[in-house]
A.B. asks: 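For reference, the structure I am asking about is given below.
So you know, we letter chains A, B, ... as the sequences are listed, proteins then strands, and number each from 1.
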Amino acid sequence: MRLYQQADPSAPATLVSLLSPQLLRFFRFNAASREQAEDLLQETWLKIHRMRHTWRSGERVLPWVYAIAHHVRIDSYRRTRRLASREAPIDSVPDPPSAQSGLDALSFESMVATLPDGQREVITMLKSVGMTVEEVALATSSTVGAVKLKAHRAYERLREVIGAPSRVKSKEAPAAKPKSASASPGRHKDGAL
Amino acid sequence: MNDRDLDLDRLWQSAPESPRTDKAADTVRLMTATLEPVRPLPSPRSLAALFTLFAVALAAPAAFILGPYALSRLSTGDSITVYAALAVALTLSASALAAQMFPAARRIASPSVLLPAVVLALVLIFAALFSVKQEHAFWRNAWNCARAGLEAAAVVALAASLLLRRGALLDLPSTGALTGFFAGLAGTFMLSIHCPDFNLAHVLTGHLAVAAIGAGLGWLVGSLAALRRR
């Protein structure tokens with residue numbers, strides 16, 4: 001990041017290749033389609049480029065990057081909502097699942113899609129990016145307590161979804177099948193359900 | 001359902017996605033085309049100090065030009081309490097304003113908490129020091145003070161916005177509200193040096209209201225700017 005601020009020509013490519021997959025996943029789980037997620041990713045990078053002077057040496061990069069991504073997502077959501085209220089819907093083209101996404105990815109995507117916006121964002125940052133609770137709080141201009149609460153509620157919700165496979169199966173993801181009938185919720189640590 | 005089914009980490013790992021290479025290359029090309037060395041912003045603390053300096057440097061001379069009548073009428077204890085409370089309020093809002101310029105900056109509190117808390121604290125302090133009195137032409141006096149305070153606030157807001165433009169303003173409505181509030185507090189500070197009317201009702205409606213009106217106007221400007229940006 002410091003090299004990027006000093007205009008090292010290789011820095012943008014390095015940063016983009018390093019952070020884009022995680023950022024894309026963040027938008028993929030918080031946006032409507034793959035195409036939209038790609039657009040948001042590009043918008044985020046251009047914003048990062050314009051705002052690079054606001055990163056201070058010694059500060060953590062991820063919360064800084066995701067704070068920008070968080071606002072790009074919010075702006076896009078508001079823009080989409082505004083346009084949706086003005087435009088008549090046309091036949092939507094379903095987004096085909098990527099060749100890489102298998103059964104697990106599809107089911108997990110549909111599970112995460114059942115979460116409210118804020119919870120989905122927090123769980124994506126925690127699980128996809130691997131940020132700490134404190135970093136997520138910084139990125140979302142929230143408090144550690146609020147992030148923990150959102151994560152807890154998201155876990156509870158996901159537990160419910162996983163515990164009711166018929167609902168998930170019929171509404172969201174036909175491919176999601178329970179692999180065993182045990183009622184035990186398994187692990188309860190912060191990292192996993 | 002077993003442990004494996006519920007492991008979110010494993011599921012995340014199983015959903016890898018890479019951005020389209022042509023779009024990524026396009027992004028890198030756009031970034032590299034305008035790549036120039038940039039100087040990082042000064043620390044949020046330095047910027048907060050600069051904001052406070054702006055407020056004091058603009059509001060205090062204005063009060064002395066209009067006449068520092070309140071200074072000679074307030075007792076030493078009351079002066080210390082009033083100016084110390086306003087100094088703390090100005091510093092807090094300047095810190096919050098400076099934090100708005102940096103993505104993921106540590107904040108004392110969100111603007112929606114900080115602004116009402118500061119106003120409430122000031123109301124309580126003023127209520128402890130002053131009492132409500134009958135006043136002839138109450139609304140006219142209050143309006144005269146509020147107008148003078150808002151004029152001073154407009155100058156401070158303008159100066160602050162010049163500095164704010166250097167930052168990464170992600171949340172424009174909040175930044176607008178904080179700028180207006182901060183500038184309004186500078187107006188209140190100016191009036192607390194100038195106006196010798198210590199009727200509590202006047203202090204609240206003519207002096208402190210400047211900060212509240214400033215916050216409201218700032219929020220409106222910020223919201224309109226955010227709409228335009230979208």
A.B. asks: List the atom of Ser43(B), the atom of Arg56(A), and the distance in Å for their closest heavy-atom pair.
C.D. replies: N-NH1, 3.4 Å
A.B. asks: Would you please test Thr54(A) and Met101(B) for side chain to side chain contact (heavy atoms under 4.5 Å, CB included) and show each step?
C.D. replies: CA-CA 7 Å; Thr54(A) 64; Met101(B) 296 171 73; 5.9 Å; no
A.B. asks: Measure across Pro37(B) and Ala7(A) and return the closest heavy-atom pair with its distance rounded to 0.1 Å.
C.D. replies: N-CB, 3.4 Å
A.B. asks: Below 4.5 Å from any heavy atom of chain A, which atoms of Ala25(B) appear? Answer side chain, backbone, both or neither.
C.D. replies: neither
A.B. asks: Side chain, backbone, both or neither: which part of Asp8(A) has an atom under 4.5 Å from a heavy atom of chain B?
C.D. replies: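 Backbone of Asp8(A) only, per the 4.5 Å heavy-atom cut-off to chain B.
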A.B. asks: Nearest 0.5 angstrom please: Tyr4(A) OH to Leu35(B) CG, how far?
C.D. replies: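 Output value for this atom pair is 6.5 Å.
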A.B. asks: Heavy-atom cut-off 4.5 Å, strictly under: side chain, backbone, both or neither for Thr34(B) against chain A?
C.D. replies: both
A.B. asks: Atom CG of Leu170(B) and atom CD1 of Ile74(A): how far apart are they, to the nearest 0.5 Å?
C.D. replies: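 Here the rounded value is 9.5 Å.
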A.B. asks: Assess whether atom CZ of Arg60(A) is packed by more than 12 heavy atoms of other residues, nucleotides or ligands within 6.0 Å.
C.D. replies: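 Check passes, neighbour count above 12.
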A.B. asks: Can you give me the closest heavy-atom contact between Pro103(B) and Ala67(A), atom names plus distance?
C.D. replies: CB-CB, 3.9 Å
A.B. asks: Let me confirm one number: the CG-CE distance from Leu15(A) to Met31(B), rounded to the nearest 0.5 Å.
C.D. replies: 6.5 Å
A.B. asks: Is chain B contacted by the side chain of Gln42(A), its backbone, both, or neither, given a heavy-atom distance below 4.5 Å?
C.D. replies: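 When you check distances to chain B, atoms from both the backbone and side chain of Gln42(A) fall under 4.5 Å.
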A.B. asks: Do any N or O atoms from the side chain of His53(A) and from the backbone of Arg39(B) form a donor-acceptor pair under 3.5 angstrom?
C.D. replies: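 Checked: no pair found.
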A.B. asks: With only heavy atoms counted, which part of Leu46(A) is less than 4.5 Å from chain B, the side chain, the backbone, both or neither?
C.D. replies: side chain
A.B. asks: Determine, for Arg106(B) against Glu134(A), whether the closest basic-nitrogen to carboxylate-oxygen distance falls under 4.0 angstrom.
C.D. replies: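 Here Arg106(B) pairs with Glu134(A) in a salt bridge, since their nearest N and O are under 4.0 Å apart.
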A.B. asks: Out of Arg50(A), His49(A), Met51(A), which one racks up the most heavy-atom pairs below 4.5 Å with chain B?
C.D. replies: His49(A)
A.B. asks: Side chain, backbone, both or neither: which part of Ser110(B) has a heavy atom under 4.5 Å from chain A?
C.D. replies: neither
A.B. asks: Given that the side chain runs from C-beta out, which part of Arg29(B) has a heavy atom under 4.5 Å from chain A: side chain, backbone, both or neither?
C.D. replies: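 Interface part for Arg29(B): neither.
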A.B. asks: Just give me the residue among Pro44(B), Pro42(B), Ser174(B) that pairs up with chain A most often, heavy atom to heavy atom, under 4.5 Å.
C.D. replies: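 Sorted descending by pairs with chain A, the first entry is Pro42(B).
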A.B. asks: Any donor-acceptor pair under 3.5 Å linking the side chain of Arg52(A) with the backbone of Val38(B)?
C.D. replies: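 Here the side-chain-to-backbone pair does not exist.
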